[in-house]
There are 2 protein chains.
Amino acid sequence: MNKKEQIFKAALSLFSENGFHGTPTSKIAKLAGVANGTLFHHFTSKEQLINDLYLELKKELVEVSFLDLNDKNNLEVNLKQIWLSNINWALENKAKVIFLQQFLNSPYLTEDTKKEVDTLAMTYYQMMERALKENKIKKIPFDLIYVQATQQMYGVINFLLEMEDFNNKNEIIDHAFDMFWNGIKT
Amino acid sequence: MNKKEQIFKAALSLFSENGFHGTPTSKIAKLAGVANGTLFHHFTSKEQLINDLYLELKKELVEVSFLDLNDKNNLEVNLKQIWLSNINWALENKAKVIFLQQFLNSPYLTEDTKKEVDTLAMTYYQMMERALKENKIKKIPFDLIYVQATQQMYGVINFLLEMEDFNNKNEIIDHAFDMFWNGIKT
DNA sequence: ACATTTACCGACTGATTAGTCAATCTATGA
DNA sequence: TCATAGATTGACTAATCAGTCGGTAAATGT
């Protein structure tokens with residue numbers, strides 16, 4: 001693991017726990033095991049670090065989504081597959097989800113970062129567009145469906161993260177998916 | 001307007017625009033037109049201010065929800081009424097929504113605040129509990145429905161706030177509500 | 001009228017922190 | 001072997017900021 005990755009890892013851990021204001025760059029450097037100056041060699045500012053890290057995690061999430069996807073399956077099966085991949089990733093990467101949620105609505109993300117994130121979402125759009133043409137889902141603007149899908153995903157994830165016993169974990173995930181799917185299917 | 005309210009107002013405006021780290025208490029005091037020390041007379045710390053403001057806004061939101069509600073109407077009508085009240089409040093109080101979203105997942109909210117917020121949600125729970133008994137909605141844990149309702153509400157609001165033309169505003173709101181309702185109805 | 005509490009002021013400080021910089025080290029390639 | 005570029009270091013600083021404090025003014029109660 002190179003120094004830049006070490007910094008990413010340390011930053012993720014500290015930011016997700018203490019927030020932007022609560023984590024000085026000096027602590028990030030220390031935890032990463034590098035000198036203070038090294039951090040600013042790789043990132044021009046603290047905000048830059050946040051933005052880079054945010055994009056990195058978003059990319060990882062999109063990648064996870066499409067890993068086990070099969071074009072031949074129908075939309076519902078594919079959507080559920082994405083649903084499951086995302087949620088499992090989230091449960092296994094608590095700090096990453098907390099970070100993403102914490103900075104999603106923060107003023108630290110630049111417009112550039114937001115635009116890049118939108119580009120990443122394109123992949124999902126294409127899938128939905130096809131389904132809409134094939135009359136499988138209601139005539140609702142994609143954007144709206146996408147926003148709601150994301151929101152509901154975060155909803156289940158938060159719900160699961162706060163649950164103490166995990167016995168009916170799968171039941172919850174299924175319920176939540178049904179709620180979503182029944183909302184959009186024709 | 002007393003000084004405490006002036007501070008709330010100034011804090012809301014600055015925090016929603018620049019975040020916690022981006023707004024020094026000195027600027028809040030200046031914008032509020034009070035002395036630096038006055039702020040710390042009313043709030044023991046900057047974090048306390050955030051927490052108080054957050055609770056205040058949540059209370060306002062719950063109040064708005066139940067303003068025009070009629071017990072005699074059926075669940076769907078009542079839910080839609082809440083839906084509309086919330087969204088309209090949000091569109092008319094942009095800064096407040098931005099603040100609420102920004103701090104919802106921040107590390108600045110104390111456990112106490114979170115608990116108090118949960119108490120506020122009780123009112124919604126009771127309504128849903130009745131509906132579940134009367135078999136009007138699917139057998140899904142309330143908590144999950146509540147989380148998803150909230151998430152979807154934020155979803156539409158964000159969507160609308162980023163829309164440039166407001167021509168089909170009502171259409172979007174209706175679509176979004178249908179998505180939600182179809183997700184939970186029996 | 002007096003006493004006591006509460007609101008308010010604003011200059012001040014101790015501590016913190018983002019970012020700099022000059023120097024050293026490492027890697028690559030010709 | 002030497003030169004050049006990039007990586008790394010850590011001591012340093014200029015600026016900022018949360019919260020304090022001693023004192024005044026206003027409100028409240030008796």
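Every chain is numbered from 1 and lettered A, B, ... according to where its sequence line falls, protein lines coming before strand lines.
- Between the CG atom of N2(A) and the C1' atom of dA27(C) there is a distance of 15 Å, rounded to whole Å.
- Comparing the start and finish of the helix from dA1(C)-dT30(D) to dA30(C)-dT1(D), five pairs each, the helix axis swings through 20°, to the nearest 10 degrees.
- Looking only at distances, no side-chain donor or acceptor of S16(B) sits under 3.5 Å from a matching main-chain atom of I98(B).
- Ring centers of F66(A) and Y124(A): under 6.0 Å apart, within the cut-off.
- Residues L39(A) and K3(A) fail the side-chain proximity criterion, which asks for heavy atoms closer than 4.5 Å.
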Under 4.0 Å protein heavy-atom contact, by nucleotide of nucleotides 4-24 of chain D - B base, S sugar-phosphate only: ---SBBB------SBBB----
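- Not one N or O on the side chain of K80(A) forms a donor-acceptor pair closer than 3.5 Å with the backbone of W181(A).
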Test salt bridge (Lys or Arg N to Asp or Glu O under 4.0 Å) applied to K58(B) and E116(B), step by step: CA-CA 10 Å; K58(B) 269 286 179 185; E116(B) 278 210 56; over 6 Å; no
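- If you look at F159(B) and Y146(A), their ring centroids are not closer than 6.0 Å.
- Between F20(B) and Y108(B), a ring centre-to-centre spacing shorter than 6.0 Å is recorded.
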CA sep, side-chain torsions, deciding dist, call: E111(A), K114(A), salt bridge (Lys or Arg N to Asp or Glu O under 4.0 Å): CA-CA 5 Å; E111(A) 287 306 313; K114(A) 284 178 191 165; 3.8 Å; yes
